[in-house]
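One structure follows; several queries about it will come next.
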Amino acid sequence: MAAVAAARAVSAGPGLRGLKRTLPLVVILGATGTGKSTLALQLGQRLGGEIVSADSMQPWEMGTEKVIDQKVELEKEDGHALHKRLSQVDPEMAAKLHPHDKRKVARSLQVFEETGISHSEFLHRQHAEEGGGPLGGPLKFPNPCILWLHAEQTVLDERLDKRVDNMLAAGLLDELRDFHKRYNEKKVVENSQDYQHGIFQSIGFKEFHEYLITEGKCTPETRNQLLKKGIEALKQVTKRYARKQNRWIKNRFLSRPGPSVPPVYGLEVSDVSKWEESVLEPALEIVRSFIQGHKPAATPVKMPSSETENKRSYHMCDLCDRIIIGDREWAAHMKSKSHLHQLKKRRRLDSDAITTIESQSISPDHDIELKEKGSLGQNEEELKSSV
């Protein structure tokens, strides 16, 4: 999700010699393929900093076995059953989470089972601490310098497609085959493979599952089709992941204004031929301003946010039998084709039911009226004949 350049109390680098102070924590955010690692290396070399990779998979690989096993076991249970358990111990958090979001539901249950405190109460306590705010508790590092690398979506999509091609040319398939034989082949035979946890959930492995398990078991034509299918799947999931990363950055940092939320400085990386003047130099100026203790000349990124919009509001669509979380998502659902189809279907059924009821309530009276008219006519004829 992010590369982090953290500098210790070292010389501030060329142009700032003699300045002996602790450099700020520089956080470089951005979707995959935006050049986070490149910029981190350049800043670290220019400013004498220490680089730390904050990969999203690290907590899984570095966490304790007990904690990993507990969350894995929770996620094996039915999502609705988990959500029901959470609603009993933490109704506030349950109202914010969709039953299908098993990871977050399991995480909230894990917090309660390990600490005896509900996840929502835990977060309330964090926010209430001195220096706490929309992001949680007080910042661990004071005055962080946050840089966000972003690019036009079409440009980034093309870049990511080429990145996959380059990975394949550099021997990705050989690495996957070797990893499969070492760690996954036996699990496939036992039908116990798991692409939802640990390293196996990373992008680039499960997309080639069919290709890997059919080696030596199908025709070259079929193998080639499965390979193409895997490559296309890898490209698509990589692009979706990049969009998800940018949404996370916007929701986490740009849509939560507050006194304890640090500013985020955007850097446009669409044109890599202008990297020096549009990315590296502006980044150096921003970081040096932080080092010298004054506000950068660059303007932080700001996003218009609706104060009335609730991203965690709970909505139940009885018509579609779906739970929707968030005002924006609810509005989108109300306009969706599936909801409108169900609405049209319900109206048609209601109309048919009303027609049936009306016909049942009107027909007997109508028949009585006709019978009365018939008998009346008969009496009139009898009177005439008697006269």
Side-chain angles (χ1 to χ4, degrees), residues 1-5 26-44 46 51 53-57 144-170 172 202-204 207 228 230-257 261-287 289 296-306 309 311 326 328-329 331-332 335-336:
M1 183 64 72
V4 180
V26 180
V27 182
I28 303 176
L29 300 173
T32 181
T34 53
K36 300 185 297 295
S37 299
T38 299
L39 182 59
L41 286 169
Q42 290 175 334
L43 291 180
R46 297 285 189 97
I51 298 173
S53 174
D55 191 280
S56 61
M57 292 298 294
C145 175
I146 302 181
L147 306 176
W148 175 35
L149 308 189
H150 57 90
E152 295 177 11
Q153 194 61 59
T154 54
V155 174
L156 184 58
D157 287 346
E158 293 177 4
R159 190 179 300 172
L160 293 174
D161 283 343
K162 291 180 181 178
R163 186 176 186 178
V164 171
D165 292 334
N166 292 336
M167 291 168 61
L168 291 166
L172 174 62
S202 8
I203 294 174
E207 288 75 21
K228 289 181 179 179
I231 293 173
E232 183 59 28
L234 179 56
K235 289 182 176 181
Q236 292 300 323
V237 76
T238 302
K239 287 182 281 193
R240 285 199 300 269
Y241 183 59
R243 286 169 168 78
K244 183 179 179 181
Q245 288 175 311
N246 277 325
R247 284 197 302 270
W248 182 86
I249 293 169
K250 292 175 182 177
N251 292 334
R252 181 69 176 169
F253 292 98
L254 305 181
S255 300
R256 301 188 184 187
V261 179
V264 177
Y265 297 89
L267 297 170
E268 171 65 50
V269 298
S270 296
D271 190 349
V272 293
S273 67
K274 298 180 180 179
W275 181 269
E276 291 282 335
E277 60 265 38
S278 62
V279 182
L280 179 56
E281 290 303 325
L284 284 169
E285 290 181 11
I286 293 170
V287 176
S289 296
T299 303
V301 179
K302 292 189 180 297
M303 281 188 63
S305 59
S306 173
E309 180 182 335
K311 292 182 173 62
R328 184 180 301 179
E329 288 74 12
K335 297 178 182 178
S336 67

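The analysis underlying the following values was restricted to heavy atoms, covering all of them including side chains, and did not include hydrogens, waters or symmetry mates. What you are looking at is a predicted structure, and each value in this text was computed from that prediction instead of being measured.
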Student check: side-chain heavy atoms of His150 and Val269 closer than 4.5 Å: no

With sequence neighbours left out, write down each residue that passes side chain to side chain donor-acceptor pair (under 3.5 Å) with Gln153, or none if nothing qualifies. Asp157

Could you tell me which residues satisfy side chain to side chain contact (heavy atoms under 4.5 Å, CB included) with Ala242, sequence neighbours excluded, listed by chain and number? Ala31, Thr32, Leu156, Leu160, Gln245

Test your reading of the model: is there a side-chain donor-acceptor pair from Arg159 to the backbone of Gly33, 3.5 Å cut-off? yes

Give, for atom CG of Leu149 and atom CG of Leu29, the distance between the pair rounded to the nearest 0.5 Å. 8.5 Å

Side chains of Asp165 and Lys235 in contact at under 4.5 Å (non-hydrogen atoms): yes

Checking Thr34 against Lys36 for the side-chain contact (heavy atoms from CB on, under 4.5 Å) test, could you report, in this order, the C-alpha distance in whole Å, the side-chain angles of both residues, the deciding distance, and whether it holds? CA-CA 6 Å; Thr34 53; Lys36 300 185 297 295; 3.7 Å; yes

Residue pairs meeting side-chain hydrogen bond (donor to acceptor under 3.5 Å, both in side chains), one or both in residues 276-286, sequence neighbours left out, come to none

Side chain to side chain contact (heavy atoms under 4.5 Å, CB included) partners of Val264, counting only residues at least two apart: Ile146, Trp148, Phe253, Leu254

With rounding to the nearest 0.5 angstrom, report the CZ to CE distance, Arg163 to Met167. 7.0 Å

Leu280 vs Leu267 side-chain heavy atoms within contact, under 4.5 Å: no

Supply the atom-to-atom distance Ile231 CD1 to Leu172 CG, rounded to the nearest 0.5 angstrom. 9.0 Å

So, using side chain to side chain donor-acceptor pair (under 3.5 Å) as the criterion, who are the partners of Ser273 when residues are at least two apart? Asp271

Contacts of Thr38 that satisfy side chain to side chain contact (heavy atoms under 4.5 Å, CB included) - sequence neighbours left out: Gln42, Trp275

For Glu268, give me all partners under side chain to side chain donor-acceptor pair (under 3.5 Å), at least two apart in sequence or on another chain. Ser270

4.5 Å side-chain heavy-atom contact, Ser37 and Leu39: no

Are side-chain heavy atoms of Val237 and Arg240 found at a separation under 4.5 Å? yes

Are Val279 and Val272 close enough that some pair of their side-chain heavy atoms sits under 4.5 Å apart? no

Quick one: does Leu43's side chain get under 4.5 Å of Val26's, heavy atoms only? yes

Could you tell me if the side chain of Lys239 sits less than 4.5 Å from the side chain of Asp161, heavy atoms only? yes

Listed partners of Pro296 passing side chain to side chain contact (heavy atoms under 4.5 Å, CB included), at least two apart: Tyr265, Ile286, Ser289, Phe290

In chain order, what residues pass the side chain to side chain donor-acceptor pair (under 3.5 Å) check against Gln236, with sequence neighbours excluded? Glu232

